[in-house]
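Because only heavy atoms are used, hydrogens play no part in the values below, and waters and symmetry mates are left out as well, while side chains stay in. Proteins get letters first, then strands, A, B, ... in listed order; numbering begins at 1 in each.
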2 protein chains.
Amino acid sequence: MKWDALEEEPCSLARTVAVIGDRWSLLILRECFLRIRRFDDFQASLGITRHLLADRLKKLVRFGVLRKIPYQEAPKRYEYILTQKGLDLYPIIMSIVHWGNIHMVDARGRPLLHEHKSCGKMFDPVMVCSECGEPLSAKHVHVHPGPGARRSSPLHASARERTKRNAEQG
Amino acid sequence: MKWDALEEEPCSLARTVAVIGDRWSLLILRECFLRIRRFDDFQASLGITRHLLADRLKKLVRFGVLRKIPYQEAPKRYEYILTQKGLDLYPIIMSIVHWGNIHMVDARGRPLLHEHKSCGKMFDPVMVCSECGEPLSAKHVHVHPGPGARRSSPLHASARERTKRNAEQG
DNA sequence: ATTGACAGTTCTAAAATAGAACTTATGGTC
DNA sequence: GACCATAAGTTCTATTTTAGAACTGTCAAT
């Protein structure tokens with residue numbers, strides 16, 4: 001599979017993965033949410049090679065997740081800030097952090113705690129249903145093909161059925 | 001950076017990224033949540049090479065996200081099912097899908113719709129504060145070092161400050 | 001004129017991935 | 001009994017990506 005192909009997939013997960021589905025992009029975004037904005041600061045805090053950093057920043061700008069804003073003339077310098085599209089990645093980042101907090105911390109405990117300024121308390125993120133407000137779990141969710149589904153999509157027919165069908169069709 | 005090093009980072013995001021932060025792992029997990037369980041089914045529905053699929057499944061089993069369950073003897077065959085740790089990835093998967101639904105769909109619309117069986121409605125996932133129940137946004141959250149924070153962590157001091165400090169220390 | 005900050009680009013070596021063929025074990029068919 | 005299919009991998013070579021380090025260009029301050 002070529003990675004450009006991912007963007008074209010009729011699957012919202014695949015298309016998002018095309019944008020953020022590599023290790024460095026997610027780490028760069030972590031830094032963005034921690035208010036890092038400049039090339040050398042990303043490089044110093046992540047230890048990423050300058051080559052890859054330039055590449056990933058370019059990709060995130062191309063996808064509209066980051067915007068390049070000049071912060072000085074002569075010599076012209078830019079910083080990278082999150083667009084609204086980028087800020088909207090916050091639930092992804094937080095759910096990743098939360099899973100790590102629950103399943104990957106060592107004996108010392110969590111590296112970071114999160115305070116909700118609105119209510120003043122330390123919190124964990126909880127994913128709920130937009131309609132009834134109840135917490136979500138996989139087994140209470142049923143998927144339906146939407147308007148953008150492809151016919152006979154791998155997402156709606158099991159691979160086993162498809163394999164069989166393909167065999168029948170020659 | 002070696003990828004094993006990510007698991008050791010005092011950062012819940014980095015440690016989670018070590019488990020699921022590559023494109024194929026996320027796509028494999030999508031299939032798991034769509035009830036795919038067997039090697040050839042994963043391979044057929046994703047188009048991943050068998051080599052990589054074997055590698056990724058092994059990794060996900062090693063991290064306790066999937067479990068290998070025998071479904072027949074002679075010849076011995078296994079299927080891969082999500083553990084509780086794996087099921088707990090659901091909010092990550094859903095937030096990724098939701099971001100794609102909002103920012104990456106083409107004119108045809110969403111490939112998938114989600115129905116909440118508990119309330120019977122089509123829904124979107126919403127991330128809320130565990131304490132007050134309000135929807136979360138990055139700007140209303142403040143981070144604090146937790147017990148597992150490293151001293152002078154890159155997560156709590158800006159890269160700029162660290163660069164300066166390192167320079168001072170020689 | 002030299003040094004340092006900043007934001008990259010360029011280079012080679014090492015690692016990961018793609019793509020296809022091969023292996024092992026078993027059951028069913030001609 | 002030879003042949004084919006199913007299933008879950010493994011092995012092989014070629015291509016692509018990443019790591020690591022050095023280099024470039026612009027300007028300010030010493």
Measure [atom1]/[X] against [atom2]/[N] and give the value in whole Å, please.
| X | N | atom1 | atom2 | result |
| --- | --- | --- | --- | --- |
| B:Asp55 | D:dG9 | CG | P | 12 Å |
| B:Leu52 | D:dT11 | CG | C1' | 14 Å |
| A:Asp4 | C:dA18 | CG | C1' | 15 Å |
| B:Leu53 | C:dG19 | CG | P | 15 Å |
| B:Gln72 | C:dT24 | CD | C1' | 14 Å |
| B:Tyr78 | D:dT6 | OH | C1' | 17 Å |
| B:Asp22 | D:dT18 | CG | P | 11 Å |
| A:Gln43 | D:dG20 | CD | P | 11 Å |

Closest nucleotide of DNA chain D for B:Phe39 versus for A:Arg56: which of these residues is on the 5' side?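 First, find each residue's nearest nucleotide; the 5'-ward one identifies B:Phe39.
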Check: [X] side chain, [Y] main-chain N or O, donor-acceptor pair, under 3.5 Å:
| X | Y | value |
| --- | --- | --- |
| B:Ser130 | A:Pro125 | no |
| B:Lys85 | B:Phe63 | yes |
| A:Gln72 | A:Pro75 | yes |
| B:Arg35 | B:Phe33 | yes |

Using a cut-off of less than 4.0 Å, is there contact between a side-chain N or O of [X] and OP1 or OP2 of [N]?
| X | N | answer |
| --- | --- | --- |
| A:Trp24 | D:dA19 | yes |
| A:Lys58 | C:dA7 | no |
| B:Lys59 | C:dA16 | no |

Between [options], which nucleotide has the shortest distance from any of its atoms to the side chain of [X]?
| X | options | value |
| --- | --- | --- |
| B:Tyr80 | D:dA19, C:dT9, D:dG9 | D:dG9 |
| B:Tyr71 | C:dT9, D:dA7, D:dT10 | D:dA7 |
| B:Thr49 | C:dA7, C:dT17, C:dA18 | C:dA18 |
| B:His51 | D:dT11, C:dA7, D:dA8 | D:dT11 |
| A:Asp40 | C:dA7, D:dT18, C:dT9 | C:dA7 |

With a 4.0 Å cut-off on heavy atoms, is A:Arg23 in touch with a base, just the backbone sugar-phosphate, or nothing at all?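 The answer is nothing, as A:Arg23 stays clear of every strand by at least 4.0 Å.
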With a 3.5 Å cut-off and heavy atoms only, can you find an N or O donor on one side and an acceptor on the other between the side chain of A:Arg50 and the base of D:dA21?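 Not at all, since no donor on one side and acceptor on the other fall under 3.5 Å apart.
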Quick one: do the B:Ser118 and A:Glu134 side chains pair a donor with an acceptor below 3.5 Å?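 Side-chain D/A pair, B:Ser118 to A:Glu134: absent.
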Using a strict threshold of under 4.0 Å (side-chain N to carboxylate O), is an ion pair present between A:Arg77 and A:Asp40?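 Not counted as a salt bridge, because no side-chain N and carboxylate O are separated by less than 4.0 Å.
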Parallel, tilted or perpendicular: which describes the rings of B:His144 and B:His142, with under 30° parallel and over 60° perpendicular?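 Perpendicular: the ring planes of B:His144 and B:His142 meet at over 60°.
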Quick one: are the ring centres of A:His114 and A:His116 less than 6.0 Å apart?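 No; A:His116 has its ring centre 6.0 Å or more from that of A:His114.
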Would you mind building the protein contact string for nucleotides 24-30 of chain D? One character per nucleotide, 5' to 3', B for base within reach (heavy atoms under 4.0 Å), S for sugar-phosphate only, - for untouched. -BBS---
